[in-house]
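Atoms within each ligand, like the ligands themselves, are counted from 1 in listed order.
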Amino acid sequence: MKTAVKFDEFPPVDFGHTAFLFDVDGTLLDIAPVPGAVDVPSQLPDCLVGLEGRCDGALAFVSGRTLAELDTLFAPLVLPAIGSHGGEIRFGRNDVFREPPLPGEVKARFRGLADADHRIIFEDKGCSIAFHYRLVPQIQPVLLQALQQKQADLQEDGLEVLRGKAIIEIKPKRYNKATALRRLMQERPFLGRRPLFAGDDTTDEDVFAILPEMHGTGISVGRRMTGAAYSVGRPEDMRSWLCRLESGTG
Ligand SMILES: [Mg+2]
């Protein structure tokens with residue numbers, strides 16, 4: 001029998017057996033018009049540090065952003081993390097795995113999509129490329145149609161198109177947030193713990209789908225999502241819960 005989704009509630013947490021895994025944009029942080037403009041509320045890094053201590057370090061970001069961007073956002077905090085939708089995995093402070101960069105000629109084949117409007121922000125993430133169009137949302141059908149015409153190229157290069165909130169990314173098909181999370185969960189201090197994952201966007205659905213393998217729990221932010229047993233309204237709700245948890249009042 002399917003369990004009903006619990007709205008505006010959070011799961012109980014056993015710090016000895018839980019691994020905390022959080023998407024960042026739209027889950028912990030409010031989405032901003034351009035990716036560089038997001039605000040990290042001052043109390044959040046302290047809450048994350050406190051939580052990390054309570055679960056023996058089993059706390060990681062699971063983001064489409066690169067590790068470098070995550071580190072800049074949360075500086076001086078450096079956490080284990082999955083970056084670039086699984087293209088990068090940081091197991092500990094210094095132990096980083098990176099997928100090989102996309103070949104230059106592959107990037108060149110798609111880069112021209114950004115010429116559709118000067119307000120599209122092109123981002124080269126190394127192992128993938130992204131087009132941010134929050135400043136010009138009406139351009140989305142144009143971008144998707146252009147990609148449709150490049151289906152054969154995408155197939156040939158083993159690439160897939162990810163559609164997020166005002167972002168389209170092109171990355172190799174062979175990995176995603178879920179494949180990376182499986183790898184992270186095989187290493188200490190994550191090994192043997194139950195993942196508690198929160199996410200808000202389509203790319204997080206892959207992770208929600210594999211949580212049962214590890215007896216994990218999913219929290220969706222902003223809307224109900226398949227595989228998430230809990231659903232809360234806003235990143236602010238997540239942040240205040242984490243701070244309550246950390247202080248022992250949650
Ligand atoms: Mg997100």
**OP:** Could you tell me which N, O or S atom of D25 is nearest to the Mg ion (ligand 1)?
**Re:**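 For D25, the N, O or S atom at the smallest distance from the Mg ion (ligand 1) is O.
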Original post:
By atom name, which N, O or S atom of D200 is the nearest to the Mg ion (ligand 1)?
Top reply: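 Closest to the Mg ion (ligand 1) among those atoms: OD1.
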Original post:
Charged N to carboxylate O under 4.0 angstrom, R65 versus D23?
Top reply: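 Judged by the 4.0 Å cut-off on N to carboxylate O distance, R65 and D23 do not form a salt bridge.
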Original post:
Pick from R174, K171, Q155: which one makes a side chain to side chain donor-acceptor pair (under 3.5 Å) with E160?
Top reply: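 When R174, K171, Q155 are each tested with E160, the side chain to side chain donor-acceptor pair (under 3.5 Å) holds only for K171.
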Original post:
N/O/S of D23 less than 2.8 Å from the Mg ion (ligand 1)?
Top reply: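 A backbone or side-chain N, O or S atom of D23 is under 2.8 Å from the Mg ion (ligand 1).
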Original post:
Is there an N/O/S atom in D204 at a distance below 2.8 Å from the Mg ion (ligand 1)?
Top reply: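 Given the 2.8 Å cut-off, D204 does not count as a ligand of the Mg ion (ligand 1).
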Subject >> Sub-6.0 Å ring centroid separation between F110 and F131 >> reply: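 Centroid distance F110-F131: not below 6.0 Å, so no.
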Original post:
When the aromatic ring centroids of F197 and F208 are compared, is their separation below 6.0 Å?
Top reply: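 Yes, the ring centres sit under 6.0 Å apart.
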